[in-house]
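Proteins get letters first, then strands, A, B, ... in listed order; numbering begins at 1 in each. The structure displayed is predicted, hence computed values, not measured ones.
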Number of protein chains: 4
Amino acid sequence: MIDKKIYSKKEVTIFNGVINLIKKGDNLYTIKVSDIAKSADIGKGTIYDYFGSKEETISKALIYYMNSEMESSYNRIMIKESFKEKYYEILLIIKDSYKSNLFIVSSILSSAGLKELYKHLADEGCNTNYFFSSINNIIVHLLETGKKDGIVTVEEDFYYFVMAIRGSVSTFSHYIGKKEYYKDINVEKAMDTSYKILLKSLK
Amino acid sequence: MIDKKIYSKKEVTIFNGVINLIKKGDNLYTIKVSDIAKSADIGKGTIYDYFGSKEETISKALIYYMNSEMESSYNRIMIKESFKEKYYEILLIIKDSYKSNLFIVSSILSSAGLKELYKHLADEGCNTNYFFSSINNIIVHLLETGKKDGIVTVEEDFYYFVMAIRGSVSTFSHYIGKKEYYKDINVEKAMDTSYKILLKSLK
Amino acid sequence: MIDKKIYSKKEVTIFNGVINLIKKGDNLYTIKVSDIAKSADIGKGTIYDYFGSKEETISKALIYYMNSEMESSYNRIMIKESFKEKYYEILLIIKDSYKSNLFIVSSILSSAGLKELYKHLADEGCNTNYFFSSINNIIVHLLETGKKDGIVTVEEDFYYFVMAIRGSVSTFSHYIGKKEYYKDINVEKAMDTSYKILLKSLK
Amino acid sequence: MIDKKIYSKKEVTIFNGVINLIKKGDNLYTIKVSDIAKSADIGKGTIYDYFGSKEETISKALIYYMNSEMESSYNRIMIKESFKEKYYEILLIIKDSYKSNLFIVSSILSSAGLKELYKHLADEGCNTNYFFSSINNIIVHLLETGKKDGIVTVEEDFYYFVMAIRGSVSTFSHYIGKKEYYKDINVEKAMDTSYKILLKSLK
DNA sequence: AATGAATGAGAATTCATTCAT
DNA sequence: CATGAATGAATTCTCATTCAT
């Protein structure tokens, strides 16, 4: 497939500097190079030894992080046995990613794309395709499990199934992002509703 | 309800300056005051006669625009007769908003929120609640029509219905935002699939 | 001929800022933007309102100054009547330009060129040709006067005459630049020797 | 006389690194330490084992090179028999030095001095006097040959002779540095003219 | 002795904001 | 009121120098 880039130790240190800032709640667009340096506990100049500009640094850090998150998410899902467990795991992943300010991930799982992020991401070889296809793999896997478990019974094309899953997942993403508007709904209820909607569309 | 702010002619000129920049594809976070002035065809200083800062200017422009878009969207939907027509109109509104780079709207209809936008929006009286409740109004109206048309037959609570609609709508938002990944799916197919998923969850 | 650029008041202010630094003895290559701003008594940012970079600012300041110096030099020479007076005036101009650290001028009158200066000068439309041809005009004028005064009697081509003058002038430039090596030679003696050598080559 | 410094192998390696950069056309004032290291094929740190700063490194490299050039120039001139041959050899040396971007030498033979170069040169024991007196030695030698050959017949003081030679030589330096302005003059013509002017002043 | 990764002081550049006109 | 030239604080980026290996 698409080969994964190998990064040097220092590059990863810098990436983590960026990620921690975002986890801390810093706005992607107002991060300063000096902040990254401080966060990574290195000199400002070092960043420029490894990347050409602030934009490149942040872009690559995001790609790197999203890919590694994707990998661990993939593993979390694979470990689970049943269709239902796997689906709920996805919802939990979204919940976790939101808590750590890395909503980017779930934001991509839903509608809003990378387009708003640094143009750099588009230019660079740094494939967001890889990211997209990883999500597809997860969806394919989920569907297969669903068929095995006798949950997916409706006859539809692949696009339908992908959208059924993405749609029901997005209801939970929306809930998580706007909890304050749904004071009387707790997380379990939101998850259950998401799952209920999914089941309907797969029967 | 919540009283709508009345803006002066000049304020609206400035708002349109901001909106046109975004329609042009400029990134919300990298817009310069001088860009706004040029786009609105006024002097830079004039902006500061009406707003306290760049952040405030952009924030208020967004709120203003989203509200007016919401109003016209509301009207577009009301004009339609049947549940199906109304739903398809929502999808068309999303499609239009994407074309003009004002994905913000659909981005809010789906999961990702304003949190990433200027903090200012939160502080200011400029209620995004108003925006949120407008969408809710639309959803309520749609559900009522659905019941009248005999399409909504399942017995569920309000949260379920809201999510069913938001979920199916979000599949179309996702499609529109990532058309390049779905080369073999045309807009009609995407709309039909979205509707099909919705129907399933309402039966 | 080559049309002269018209510069705005502020541009000239900036140019003078640069020139004064050089007159003060600052090295062309180590001047800082903040120095220019201070020297011109304006804000740092203003420089960037009028020029694209430090390099462009300094380059254009030099061109501007050399051209204006050339003009005043031309006038100083024209005012003089005889061949001898005109020639001595050239030597005095060199002496003055050296005192004010603007040896650039005499440095160009002699061998070393602009090549060592900012590349920018080469790129830009800013013609150094104009400068070179101005010097040529002076030489032509001097030769004509020399013929009228019966001083130029040898039959040679134009290149010979140009070089005869440039050569003898350069002896004085050299003296001025290295006075400390010629402790027993005063300025008058150096001028007289320069003129004596010139006469020899024109007879 | 002035005792010549003996440099270690590594020091000479570094010097050559600097010289090659200049030969390559790099600007004296914009050379970076890392460039020198790369050019000399050594580590950056090594440079600081032998010199105290970048400035010192470049200054000493220039002195070193100028001295060695002077020595070989001296030898090239000594080998020649007649006044004319010796003079033409000087012109050829200038031509060669220009080709290799080491115009410094001829730049010093003419008017513009080291003053514009690193102050360091002045401070350091590294005598530019030595360099200046070497040129004087050559001029003295040339004059003696000229008298022997019956070319120098005019009765003048030493300063006159020095300037006569420097002046005529500078015409050729100027030509070499500005060939593009003298398209219809070839090198031989420029040399002949230089010599013709010299002869006039020595008769 | 030699290296080059790491540093951070310092320089260039940007742009929100002010204010004289 | 409206303007946009001017500003300088804030930020990006560079590169001489150091020092652990």
Side-chain angles (χ1 to χ4, degrees), chain A residues 8-11 13-14 29-38 40-58, chain B residues 8-11 13-14 29-38 40-58, chain C residues 8-11 13-14 29-38 40-58, chain D residues 8-11 13-14 29-38 40-58:
Chain A
S8 77
K9 221 175 185 178
K10 190 68 53 155
E11 281 170 321
T13 302
I14 294 167
Y29 289 96
T30 56
I31 287 174
K32 284 173 273 174
V33 173
S34 60
D35 292 339
I36 299 174
K38 224 176 294 163
D41 199 30
I42 55 167
K44 237 184 321 159
T46 307
I47 291 169
Y48 289 91
D49 288 343
Y50 293 90
F51 304 98
S53 68
K54 182 179 82 155
E55 196 172 321
E56 185 188 329
T57 309
I58 296 177
Chain B
S8 76
K9 220 176 184 178
K10 191 71 47 150
E11 282 170 321
T13 302
I14 293 168
Y29 289 96
T30 56
I31 286 174
K32 286 177 258 172
V33 174
S34 61
D35 292 338
I36 298 174
K38 222 178 294 163
D41 200 28
I42 54 166
K44 241 184 314 166
T46 308
I47 292 170
Y48 287 89
D49 289 342
Y50 293 91
F51 303 99
S53 70
K54 181 178 87 155
E55 202 174 319
E56 185 189 328
T57 310
I58 295 177
Chain C
S8 77
K9 220 174 185 179
K10 190 71 48 153
E11 282 170 321
T13 302
I14 294 168
Y29 289 95
T30 56
I31 287 174
K32 284 174 273 173
V33 174
S34 60
D35 293 339
I36 298 174
K38 224 176 293 165
D41 198 30
I42 54 167
K44 239 183 320 157
T46 306
I47 291 168
Y48 288 91
D49 287 344
Y50 293 90
F51 304 98
S53 67
K54 181 179 83 156
E55 195 172 323
E56 187 189 328
T57 309
I58 297 177
Chain D
S8 76
K9 220 176 185 178
K10 191 69 51 152
E11 283 170 319
T13 303
I14 293 168
Y29 288 96
T30 56
I31 287 175
K32 287 177 258 172
V33 174
S34 61
D35 292 338
I36 298 173
K38 222 178 295 163
D41 200 29
I42 56 166
K44 242 186 312 170
T46 308
I47 292 170
Y48 288 88
D49 289 341
Y50 293 91
F51 303 98
S53 69
K54 181 179 88 155
E55 200 173 320
E56 185 189 328
T57 310
I58 296 177

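Looking at DNA chain E, the stems built from 3 or more consecutive Watson-Crick or G-U wobble pairs, each pair with its key distances under 3.5 Å, are E:2-21 with F:2-21.
When rounded to the nearest whole Å, the span between CD1 of A/Ile47 and P of F/dT11 equals 15 Å. For the pair C/Ile14 CD1 and F/dT7 C1', the interatomic distance rounds to 13 Å; values are reported in whole Å. Note: CD (D/Glu11) to P (E/dA2) measures 11 Å, nearest angstrom. Rounded to a whole Å, the CG atom of A/Asp35 is 14 Å from the P atom of F/dA10. Atom CD in A/Glu56 sits roughly 14 Å away from atom C1' in F/dT12 (whole-Å rounding). Between B/Glu55 atom CD and E/dA16 atom P the separation is 12 Å, expressed in whole Å. Rounded to whole Å, atom P of E/dA16 lies 8 Å from atom CD1 of B/Ile58. Rounded to whole angstrom, the span from the NZ atom of C/Lys38 across to the P atom of F/dA6 amounts to 20 Å.
Comparing E/dA6, F/dT3, E/dA1 by their nearest atom to the side chain of D/Tyr50 picks out E/dA1. Picking from F/dT12, F/dA16, E/dA6 the nucleotide with the shortest atom distance to the side chain of D/Lys54 gives F/dA16. Relative to the side chain of D/Val33, the nucleotides E/dT17, F/dT17, E/dA12 differ in distance, and F/dT17 lies closest. Of the candidate nucleotides F/dA6, F/dT11, E/dA6, E/dA6 has the atom lying nearest to any side-chain atom of A/Lys10.
Between B/Asp35 and B/Thr30 the shortest side-chain heavy-atom distance does not fall below 4.5 Å. Between D/Val33 and D/Thr57, the closest side-chain pair of non-hydrogen atoms is not below 4.5 Å.
Remark on DNA chain E: of its neighbouring residues C/Ser34 and D/Gly43, the 5'-side contact belongs to D/Gly43, judged by nearest-heavy-atom nucleotide. The residue among B/Thr46 and D/Thr46 whose nearest nucleotide of DNA chain F is located toward the 5' end is B/Thr46. Nearest-nucleotide positions on DNA chain F place B/Asp49 closer to the 5' end than the other of A/Gly52 and B/Asp49.
Between the base of F/dT7 and the side chain of C/Lys44 there is no donor-acceptor pair shorter than 3.5 Å.
For the atom pair C/Thr13 OG1 and C/Ile36 CD1, the distance stands at 13.0 Å (nearest 0.5 Å). In this structure, the separation between NZ on D/Lys10 and CD1 on D/Ile42 is 6.5 Å, given to the nearest 0.5 Å. Atom NZ of B/Lys44 is separated from atom OG1 of B/Thr46 by 11.0 Å, given to the nearest 0.5 angstrom. Interatomic distance, CD1 of D/Ile47 versus OG of D/Ser34, reported as 8.5 Å (0.5 Å rounding).
Judged purely by distance below 3.5 Å, without hydrogens or angles, the side chains of B/Ser53 and B/Glu56 never pair a donor atom with an acceptor atom.
Residue contacts shown for A/Ile42 are limited to sugar-phosphate atoms, with no base heavy atom under 4.0 Å away.
Between E/dC15 and C/Tyr48, no contact under 4.0 Å exists linking OP1 or OP2 to a side-chain N or O.
Looking only at distances, a side-chain donor or acceptor of B/Lys54 sits under 3.5 Å from a matching main-chain atom of B/Ile31.
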